[in-house]
**Student:** 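One structure, as structure tokens, below. Some questions next.
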Amino acid sequence: MSARHDKIGIKHVIRLEWMDKTLDMMLAGMSPKEIRKELDVFLSDKKQSGGTGERGKEAYRKAVTNLMLTWCTPEKELIPFRDAVLELARNTPASERIPLHWAMISAAYPFWFGVAKQIGRLLNLQDQITKKQIIQRLKEQYGDRETISRFARYVIRSFVAWDILEDASIKGNYIQKKKIPTNPKQVAILTESTLLSTTESSHALRNVMESSSLFAFDISPIFGDYLLKNCSRVNVNQFSPGEEMISIA
């Protein structure tokens, strides 16, 4: 179990346009030092709501840290995965990047994945969910830590900012927006991200395809043969027809 699985980490609302800017700088070949300097300037007057105005350094630097550890300087074990996602991003239109951003931030910050999993489970039961329900389930998973409520709120508001959730008419209630389409290469990346975001050594591929953690996406299932041909970082073991187990190579 990596230390990243135990940390909460997300200490700021992460807006999609900030992820795009970070990725664009990576694709342009800028160094982590150059990117951090640029993000410091870019985010210095950006509010979590998306507006601009006076901000303290501590606030935006938390967002800079999240962006850097997601795309620029992830933990060593994530670098091969990050490089593969970067290569896919080179041929992905900006309008279709959400699956790639989601895969990277889930791997870098498994708490993001954990919040998504609980939201997905709730949405399987009801059309409208509440912040209270989400946080209660997270406390059952992570323990009743003081930081859970605050950091969960940052992730939830990020989902709203990414147009994945929508505020309902009652404050603190949410409904799901339309699912985001994916292609097989993106599904493979999301599958690998799921493995990197959990502590279990292996998963049934079918369960990953149906995972509540991927509630935001319209997933067209892929199979072990596809992963073997397109994702050398994942092992596939077939035990019976339709029962394939996957793990990080």
Side-chain angles (χ1 to χ4, degrees), residues 2-76 78-79 81-82 85-86 89 94-95 97-116 119 131 134-135 138 142 145-167 174 177 180 193 196-197 216:
S2 169
R4 64 191 165 82
H5 291 99
D6 193 47
K7 68 182 180 183
I8 305 302
I10 303 292
K11 300 180 180 179
H12 197 283
V13 174
I14 305 300
R15 299 193 64 83
L16 190 58
E17 57 266 31
W18 304 350
M19 292 283 280
D20 276 333
K21 183 171 181 63
T22 307
L23 175 54
D24 284 338
M25 289 189 286
M26 287 290 295
L27 293 174
M30 293 174 64
S31 70
K33 184 177 180 179
E34 291 170 328
I35 292 173
R36 178 176 286 277
K37 184 176 180 180
E38 180 67 22
L39 287 174
D40 275 338
V41 175
F42 176 70
L43 293 181
S44 62
D45 67 342
K46 301 293 188 299
K47 295 184 177 181
Q48 296 183 124
S49 62
T52 58
E54 294 278 339
R55 301 199 62 201
K57 288 184 179 181
E58 182 63 23
Y60 73 79
R61 284 184 176 170
K62 289 176 181 177
V64 171
T65 296
N66 289 148
L67 295 166
M68 292 295 296
L69 290 177
T70 295
W71 275 114
C72 308
T73 55
E75 291 191 20
K76 186 176 180 179
L78 297 180
I79 290 176
F81 176 63
R82 188 277 314 274
V85 182
L86 270 179
S95 61
R97 284 176 172 176
I98 288 182
L100 309 185
H101 289 314
W102 184 281
M104 279 308 308
I105 200 168
S106 293
Y109 291 99
F111 183 67
W112 180 284
F113 172 91
V115 176
I119 289 176
K131 180 170 66 176
I134 300 166
I135 291 173
L138 287 169
Y142 291 94
R145 288 187 257 176
E146 183 181 344
T147 53
I148 292 295
S149 296
R150 184 168 72 256
F151 293 168
R153 180 174 62 84
Y154 293 142
V155 178
I156 295 167
R157 295 313 304 175
S158 296
F159 289 2
V160 174
W162 288 30
D163 212 25
I164 288 167
L165 292 179
E166 181 179 0
D167 290 308
Y174 308 96
K177 299 293 289 288
I180 298 163
S193 174
L196 292 166
S197 301

**Student:** What pairs of donor and acceptor atoms, side-chain ones from residues 33-40 against any protein atom, are under 3.5 angstrom apart with sequence neighbours left out?
**Tutor:**
residue	atom	partner	partner atom	Å
Glu34	OE1	Ser31	N	2.8
Glu34	OE1	Ser31	OG	3.3

**Student:** Do Leu69 and Thr73 have side-chain heavy atoms sitting under 4.5 Å apart?
**Tutor:** yes
**Student:** What are the two closest heavy atoms between Leu78 and Ala107, and how far apart are they?
**Tutor:** CD1-O, 3.6 Å
**Student:** Does the side chain of Val160 come within less than 4.5 Å of Arg157's, by heavy atoms?
**Tutor:** yes
**Student:** Do Met19 and Arg97 come close enough that some side-chain heavy atom pair is under 4.5 Å?
**Tutor:** no
**Student:** Verify side-chain contact (heavy atoms from CB on, under 4.5 Å) between His12 and Arg61, making sure each step is shown before the conclusion.
**Tutor:** CA-CA 9 Å; His12 197 283; Arg61 284 184 176 170; over 6 Å; no
**Student:** Can you give me the closest heavy-atom contact between Gly114 and Leu138, atom names plus distance?
**Tutor:** O-CD2, 3.9 Å
**Student:** Using the rule given for side-chain contact (heavy atoms from CB on, under 4.5 Å), can you reason through Trp102 versus Ile180, listing the C-alpha separation, both sets of side-chain angles and the distance that settles it, and then say yes or no?
**Tutor:** CA-CA 11 Å; Trp102 184 281; Ile180 298 163; over 6 Å; no
**Student:** Any side-chain donor paired with an acceptor under 3.5 Å for Asp167 and Tyr174?
**Tutor:** no
**Student:** Taking atom CZ of Arg153 and atom CD1 of Ile134, what is their separation to the nearest 0.5 Å?
**Tutor:** 13.0 Å
**Student:** Roughly how far, to the nearest 0.5 Å, is the CD atom of Glu166 from the NZ atom of Lys177?
**Tutor:** 4.5 Å
**Student:** Output yes when a side-chain donor or acceptor of Ser44 lies under 3.5 Å from a complementary backbone atom of Val41, and no otherwise.
**Tutor:** yes
**Student:** Hey, are the side chains of Met104 and Ser193 touching, using non-hydrogen atoms and a 4.5 Å cut-off?
**Tutor:** no
**Student:** Which heavy-atom pair separates Thr70 from Ala108 by the least distance, and what is that distance?
**Tutor:** CA-CB, 3.9 Å
**Student:** Starting at CD1 of Ile79, measure out to CZ of Arg82 and round the result to the nearest 0.5 Å.
**Tutor:** 6.0 Å
**Student:** How far apart are the closest heavy atoms of Leu16 and Trp162, and which atoms are they?
**Tutor:** N-NE1, 3.4 Å
**Student:** Within 45 degrees of the ring normal and closer than 6.0 Å to the centroid, is that where the cationic atom of Lys7 sits relative to Phe111?
**Tutor:** no
**Student:** Nearest 0.5 angstrom please: Ile135 CD1 to Ser149 OG, how far?
**Tutor:** 4.0 Å
**Student:** Output yes when a side-chain donor or acceptor of Asn66 lies under 3.5 Å from a complementary backbone atom of Gly9, and no otherwise.
**Tutor:** yes
**Student:** I need the minimum non-hydrogen distance between Ile156 and Lys131, along with the two atoms involved.
**Tutor:** CD1-CG, 4.1 Å
**Student:** Under 30°, 30 to 60°, or over 60°: which ring-plane class applies to Phe159 and Trp112, parallel, tilted or perpendicular?
**Tutor:** perpendicular
**Student:** Once ring pair (Phe, Tyr, Trp, His ring centres under 6.0 Å) is applied, do any residues pair with Phe113, and if so which ones, sequence neighbours excluded?
**Tutor:** none
**Student:** Are any of the side-chain heavy atoms of Leu86 and Leu100 separated by less than 4.5 Å?
**Tutor:** no
**Student:** Between Ile8 and Tyr142, which heavy-atom pair has the shortest distance, and what is it?
**Tutor:** CD1-CD2, 4.4 Å
**Student:** Is the backbone of Leu196 close enough, under 3.5 Å, to the side chain of His5 for a donor and an acceptor to pair up by distance?
**Tutor:** yes
**Student:** Report yes if some heavy atom in the side chain of Ile10 is under 4.5 Å from a heavy atom in the side chain of Ile105; otherwise report no.
**Tutor:** yes
**Student:** Side chains of Cys72 and Leu67: does their closest heavy-atom pair fall under 4.5 Å?
**Tutor:** no
**Student:** Taking the inter-plane angle between the rings of His101 and Trp71 on a 0 to 90° scale, is it parallel (under 30°), tilted (30 to 60°) or perpendicular (over 60°)?
**Tutor:** perpendicular
**Student:** Does the pair Tyr109 and Ser197 meet the rule for a side-chain contact (heavy atoms from CB on, under 4.5 Å), with working shown?
**Tutor:** CA-CA 8 Å; Tyr109 291 99; Ser197 301; over 6 Å; no
